[in-house]
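As the structure is a prediction and not an experimental result, all values here were calculated from the model. Chain naming here is simple, since letters A, B, ... match the order of the sequence lines and numbering starts at 1 in each. Scope of the values below: all heavy atoms of this structure, side chains included, with no hydrogens, waters or symmetry mates.
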Amino acid sequence: MRSGGTIESASRTSRRTHRCGELRAQHVGERVRLGGWVDRRRDLGGIVFIDLRDRAGIVQLAVGPGAPEGVRRTAAALASETVVEVEGEVSARPPNMKNPELATGEVEVHPGRLVVVGPAVTPAIPVTRAKGEELPAEELRLKYRHLDLRRPEMQANLALRHRLLQRARKTLSDLDFLEIETPILTKPTPEGARDYLVPSRVHPGEFYALPQSPQLYKQLLMVSGFDRYFQLARCFRDEDLRNDRQPEFTQIDLEASFVETEDVLGFVEAVLVALWDEAGHRIARPFSRILWRDAMERYGTDKPDLRYDLPIADWTAHAQRLHVPFFESALQDGARVRGLAVEGGGALTRKDVDALAEMAKRLGGSGLAWVKRQGDQISGSVAKHFTTETLGELGVGDGDAALFAAGPDRVTSPVLDRVRQEVIRRLAPPPKAAHAFCWVVDFPLFEPDPETGKPVFAHHPFTAPHPDDLQRLEAEPFECRALHYDAVYNGAELGSGSIRITDPALQRTVLARLGISPADAEARFGFLLNGLQAGAPPHGGFAIGFDRVVMLLAGAGSLRDVIAFPKTTAARALFEGAPAPANPADLAALHIAIER
RNA sequence: GGGGCUGUAGCUCAGCUGGUUAGAGUGCCGGUCUGUCACACCGGAGGUCGCGGGUUCGAGCCCCGUCAGCCCCGCCA
């Protein structure tokens, strides 16, 4: 509510007129009521200054000799993190006493009433730190989450998260998508990540699973004719964690009917552009495209960081002429020599290069050969095999360096991907762009099982094969491309999606190709197959990893900084203490016996 | 399942080659102070060196085990 002249605060309640952080010079002379936490107190004897903090920020209370006796007594005894309510007049600060560091620094409040409404014990971890003091240990931040969440950084992260959720919801709703909730108690899936299981009380020995994603439900919604669906979906996977992986997480999940790949990418671009806009970044559309095969060849990864050049080159032909022992030992069985021509790589120190080579070895490669050129000087582990001319053929000029890896692609690709990232980190070249979005398309449909070599699906078994590759399904499964696409941003995967199989016969064929018997297929995916037989429109969709998006846009170092109550890397909740033993009576009711 | 890093006062950290009574800053408690904003100044309390075992005349420091947090590999259709 806003009325002319004075600004009526939207934060007004029965107990306050404004939030602390909202007060400005324009409020001078107004009598306000505030509620907040005591951030800091500076007691000068005759006058006490209190920084009062709430969600909107901090304002200074000044309790001087003119204040009522009771207010002065209360002010002198206030402990930090106490909740107080205060009523008083907003005053302009004396000219030399303004604080330009503070949004409210032009003013202060002179309380006529000051009441402790929420006394606080001394906080276990500080909410406000001294300059230069590190954050408390993460373990303590998670244990005393109610205090950690009071910090302005965490408040800002969660406020941003809120805005992004609203923006995603509005963007999709405006595109005519319907938000439809799907079950949290679902059916265990035999493939994929481990499920979180929930025992059934009324059906002894049977279990629900928490959804790893709403995949099958959203496809069935398409079969049901809902046309465009989205959900801000909570998903659960019982796998080991990383700094960008939590056991429960949120996806912006969408699916649409009568679409081709182009349509889905368009919808997802609209959402991503809106989210980045909400965070203050203007992003151009359409995003660039890169074939999966090219991404692997040029960057060694399916999520290339396109903020930087520095593509991987194939130097096999050059290497064969040079008779370098390092290469020849590896150059068998169709292996290749690939490498990076690093512009300005002369700045890499011996220590840098050794660290890179060490990293390459750890990743299972035979290591890294290297050459540096300074004028006519050529140095490095394989320097004696090169001249300025042969280096020139590789694109290595004065002041540059070349890094070589030799072996099969499955080894050198991940090595060169990591080496490229590390070179970029160490040389810190200026990025071509701050925000490098791209679509990676034409993923393979199958990949070899690392143990048996048999085809297993690279994504999920409902991904449609590329129509041009259908006839290769039997004879050359690994050559078969999928209508699958990933959204990649600055080297991070934001999400993935695909056009789905809608022909039940093709769906059965693909499942069979994966070694799943018809009976098995029926037991596991029968409800989907039934759905497809009932008249399925062509459809496809996408899922955006929302937590990761918030983390990137908040500039946070960990998912834990954009989730109010996250789990530790051991999947524990330190704040509430989950998981916890169940009492025997509950277990008995669930027909569960614990083995130790 | 495997590897690495960390664990010392409420919090953040220092602690040398194994050697006397384990320190600093901040917070906390008490005091002085009328314009501070990391207020300043004076005084004080505060320690199972994560836990268990071992080596040693002697362990915060070395060894073994274990727990917790974090990072990575495997895993995450």
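Taking the side chain of A/E139 as heavy atoms from C-beta on, and the options B/rC76, B/rC75, B/rA68, the nearest nucleotide is B/rA68.
B/rG44 and B/rC28 make up a base pair, with Watson-Crick or G-U wobble contacts both under 3.5 Å. B/rG65: Watson-Crick or G-U partner is B/rC51, with both key distances under 3.5 Å. Across all strands shown, B/rG58 remains unpaired; no Watson-Crick or G-U wobble contact has both distances below 3.5 Å. As the counterpart of B/rC70, B/rG4 is assigned, both hydrogen-bonding distances of the Watson-Crick or G-U wobble pattern falling under 3.5 Å.
Applying side-chain contact (heavy atoms from CB on, under 4.5 Å) to A/D561 and the options A/M154, A/E153, A/M551 leaves one that passes, A/M154. For the side chain to side chain donor-acceptor pair (under 3.5 Å) with A/D442, the lone residue among A/H484, A/R293, A/R481 that qualifies is A/R481.
When the shell of 6.0 Å around CZ of A/R410 is examined, it contains 12 or fewer heavy atoms from other residues, nucleotides or ligands.
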Sequence neighbours left out, cut at 3.5 Å: what donor-acceptor pairs do the side chains of residues 121-130 of chain A make with other protein atoms?
{"unit_1": "A/T128", "atom_1": "OG1", "unit_2": "A/D39", "atom_2": "OD1", "d": "2.8"}
{"unit_1": "A/T128", "atom_1": "OG1", "unit_2": "A/D39", "atom_2": "OD2", "d": "3.3"}
{"unit_1": "A/R129", "atom_1": "NH1", "unit_2": "A/E133", "atom_2": "O", "d": "2.9"}

With the sugar-phosphate defined as primed atoms, P, OP1 and OP2, and the base as all remaining atoms, what B/S/- string results for nucleotides 31-37 of chain B, 5' to 3', for protein heavy atoms under 4.0 Å? --BBBBB

Please write out the pairs of protein N or O atoms and N or O atoms of nucleotides 2-10 of chain B separated by less than 3.5 Å, giving the distance to one decimal.
{"unit_1": "B/rG10", "atom_1": "O2'", "unit_2": "A/A124", "atom_2": "O", "d": "2.7"}

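A donor-acceptor contact under 3.5 Å is formed by the side chain of A/R245 with the base of B/rC75.
Distances shorter than 4.0 Å separate none of the side-chain N or O atoms of A/T569 from OP1 or OP2 on B/rG69.
With hydrogens and angles disregarded, a donor-acceptor distance shorter than 3.5 Å links the side chain of A/R24 to the backbone of A/G21.
Rounded to an integer number of Å, the gap from CG of A/L241 to P of B/rC70 is 9 Å.
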